There are 2 protein chains.
Amino acid sequence: MKTLRVPEATVTRLSIYSRYLERLDRNGVTTVSSGEIAEGVGVSPAQVRKDLAYFGEFGTRGVGYNVKDLMRYTKKILGLDQEWPLILVGAGNLGYALCTYKGFNSRGFKIVGVFDNDLTKIGKKIAELEVLPMEKMPEIIQEHKARIGIIAVPPRAAQDVADFMVKNGLEAILNFAPVALNLPEGIEIRNVDLSVKLEILTFNLGFKSAQRL
Amino acid sequence: MKTLRVPEATVTRLSIYSRYLERLDRNGVTTVSSGEIAEGVGVSPAQVRKDLAYFGEFGTRGVGYNVKDLMRYTKKILGLDQEWPLILVGAGNLGYALCTYKGFNSRGFKIVGVFDNDLTKIGKKIAELEVLPMEKMPEIIQEHKARIGIIAVPPRAAQDVADFMVKNGLEAILNFAPVALNLPEGIEIRNVDLSVKLEILTFNLGFKSAQRL
DNA sequence: TAGATTGTTAATCGATTAACAATC
DNA sequence: TAGATTGTTAATCGATTAACAATC
């Protein structure tokens, strides 16, 4: 792997190519061109080739890419050739949905601990897993060698949860609470905001109406 | 509103500024500078001013921005000065979580119909709403003048649901299924992929380990 | 007035695309 | 060989940032 800086957009697309290749493979397709991938996921063929070029040469000129091989390469690049144990905080509706979300399991993600500080939730079961009090987190992190945490709590609690996760050794956080978190250098953090994309839609609908006037 | 093309990243940030301003307002802050907003959401002060400049002049030189006013302006720009009725298809765990998600309501989004084609789900209640069969969708869309649909079904069903939504007049779709949808020109579509950001994290964790070698 | 902060221009930076030699 | 498609370079495009005049 080159130590060149890879644009985050490239990694995002790689994840999408990867899933598309899985589908092609399931459908029995053995060879694919950059143009077909591009068509399938909605980007340009040059984009596909450029993205892949950050990591190596995976195709055959005049022929295209072997679907199975490229699928494996892309998953390997993304780190999906291994299982990733996840620590989840927040056993509300969103937490429940994430626990049962098949899209995680199929990519090698496995939630190994669900935590909450709400006494009415602790002890309940979510898909095989008992909701645990926060104090148990260090133990579970150690047991599974977890490195990634997911925050699915209300905004006001998110920073405390993040601090607690970092204190206990987690290195990366996926945050579903709509707030910017303050974390020490070196901790990877990404936000998933369920409402932002919806607001892009409302913006665009309004914008189009305005232009029609 | 200028008819200039606005970068999508600007709209995304506007949504984030807007939420941050709401928080400042709740905390009783009356005036804020571009530098403080930048600090609060993690971008550069120039970025904040540039983003706002697409839509007008909202500040006072030497002073900053009035929090309440700027909050109202940003919400208006995003189309959040009105209620948006939403049509949701998919009454599984994710659908359930979205129905009860407070982040939607607080921004003026209101799910007015939940649909599924699973007979075991139809008739059940999710937070005041009865899960309806797909055939009822046209009626509900008309009744509420809904323009936006949310897809929370498994990937293989997503395209059919999208086609059905478009056929019944919806103009914009938020898609939680991890597939690229094919839709006619003019239909706004955005995907929310719960797993992609997680894969960016695993990529970065792997990348960092590789660089340490 | 002196200090502060906006709005905006120009410079910089980075990402996408077009084009084509390499090569199957 | 002729046709196809990759990998890569150079050109283009667009977004971010630095800098500063305007002005409170």
Side-chain angles (χ1 to χ4, degrees), chain A residues 1-17 20-21 24 29-71 73-74 77 196 200 203 207, chain B residues 1-17 20-21 24 29-71 73-74 77 196 200 203 207:
Chain A
M1 205 183 286
K2 296 172 197 172
T3 44
L4 219 134
R5 208 196 136 280
V6 179
E8 181 147 327
T10 288
V11 182
T12 301
R13 286 188 299 262
L14 218 57
S15 162
I16 294 167
Y17 304 156
Y20 182 67
L21 290 163
L24 290 181
V29 180
T30 57
T31 306
V32 70
S33 69
S34 59
E36 290 163 328
I37 298 174
E39 170 83 24
V41 306
V43 301
S44 74
Q47 184 77 269
V48 173
R49 297 201 297 276
K50 188 79 208 261
D51 286 336
L52 294 173
Y54 281 99
F55 305 99
E57 306 191 359
F58 305 112
T60 309
R61 291 167 195 231
V63 177
Y65 304 88
N66 178 287
V67 171
K68 255 192 175 38
D69 287 348
L70 189 57
M71 180 187 77
Y73 284 131
T74 50
I77 292 163
V196 163
I200 292 175
F203 172 82
F207 202 71
Chain B
M1 206 184 283
K2 296 172 196 172
T3 46
L4 219 135
R5 207 197 137 280
V6 179
E8 181 147 326
T10 288
V11 181
T12 301
R13 286 188 298 263
L14 218 56
S15 163
I16 294 168
Y17 303 156
Y20 182 66
L21 290 163
L24 291 182
V29 180
T30 57
T31 305
V32 70
S33 69
S34 60
E36 288 163 329
I37 298 175
E39 169 84 24
V41 306
V43 301
S44 74
Q47 184 77 268
V48 173
R49 296 200 298 275
K50 189 80 208 262
D51 286 336
L52 294 173
Y54 281 99
F55 304 99
E57 306 191 0
F58 306 111
T60 308
R61 292 169 195 229
V63 177
Y65 304 89
N66 178 287
V67 171
K68 255 193 174 40
D69 287 347
L70 189 57
M71 179 187 79
Y73 285 132
T74 51
I77 292 163
V196 163
I200 292 174
F203 172 83
F207 202 72

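A note on names: the letters A, B, ... follow the listed sequences, proteins ahead of strands, and every chain is numbered from 1. Here the structure is a predicted model, which means the values were calculated and not measured.
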Using whole Å, what does the distance between atom [atom2] of nucleotide [N] and atom [atom1] of [X] come to?
| X | N | atom1 | atom2 | result |
| --- | --- | --- | --- | --- |
| B/Arg5 | D/dG14 | CZ | P | 7 Å |
| A/Asp69 | D/dT6 | CG | P | 15 Å |
| A/Leu70 | D/dT6 | CG | C1' | 12 Å |
| B/Glu8 | C/dA15 | CD | P | 17 Å |
| A/Glu57 | D/dT5 | CD | P | 18 Å |
| A/Tyr65 | D/dA4 | OH | C1' | 13 Å |
| A/Tyr54 | D/dT6 | OH | P | 18 Å |
| B/Phe55 | C/dT6 | CZ | C1' | 18 Å |

Need to verify one output field. Residue with the more 5' nearest nucleotide on DNA chain C, B/Phe58 or A/Ala9?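 By nearest-heavy-atom nucleotide position, the 5'-most residue is B/Phe58.
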Earlier contact from the 5' end, DNA chain C, for A/Asp51 and B/Gly35: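 Nearer the 5' end of the strand: B/Gly35.
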Rounded to the nearest 0.5 Å, what separates atom [atom1] in [X] from atom [atom2] in [Y]?
| X | Y | atom1 | atom2 | result |
| --- | --- | --- | --- | --- |
| A/Thr74 | A/Leu14 | OG1 | CG | 6.0 Å |
| B/Thr12 | A/Phe203 | OG1 | CZ | 10.0 Å |
| A/Met71 | A/Asn66 | CE | CG | 9.5 Å |
| A/Ile77 | A/Leu70 | CD1 | CG | 8.0 Å |

Expected output check: what is the dot-bracket annotation of DNA chain C, where ( ) and [ ] are pairs inside the strand (brackets for crossing ones), | is paired with another strand, and pairs are Watson-Crick or G-U under 3.5 Å? ..||||||||||||||||||||||
A side-chain contact here means heavy atoms from C-beta on lying under 4.5 Å apart; do A/Tyr65 and A/Leu52 qualify?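 A side-chain contact exists here, since the closest heavy-atom pair is under 4.5 Å.
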Shortest non-hydrogen contact from B/Val48 to B/Tyr17?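 Nearest pair, atom of B/Val48 first, then B/Tyr17: CA-OH, 3.6 Å.
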Distance-only donor-acceptor hits, side chain of residues 32-42 of chain A, under 3.5 Å, sequence neighbours excluded:
residue, atom, partner, partner atom, Å
A/Ser33, OG, A/Gly35, N, 3.4
A/Ser33, OG, A/Glu36, N, 3.2
A/Ser33, OG, A/Glu36, OE1, 3.4
A/Ser34, OG, A/Arg49, NH1, 3.0
A/Glu36, OE1, A/Ser33, N, 2.8

Checking all strands, does A/Ser34 fall into the base, sugar-phosphate, or nothing category for heavy-atom contacts under 4.0 angstrom?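 The residue A/Ser34 makes sugar-phosphate contact but no base contact.
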Ring-plane angle category for A/Phe58 and A/Tyr73, please: parallel below 30°, perpendicular beyond 60°, tilted otherwise.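 Ring orientation, 0 to 90° scale: tilted.
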Under a 4.0 Å heavy-atom criterion, the protein footprint on nucleotides 17-24 of chain C, written with B, S and -, is BBB--BBB
Closest nucleotide among C/dG7, D/dT6, D/dA15 to the B/Pro7 side chain: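 Nearest to the side-chain atoms of B/Pro7, counting from C-beta on, is D/dA15.
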Among D/dT8, D/dT6, D/dT16, which nucleotide sits nearest the side chain of A/Ser33?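 Of all the options, the side chain of A/Ser33 is nearest to D/dT6.
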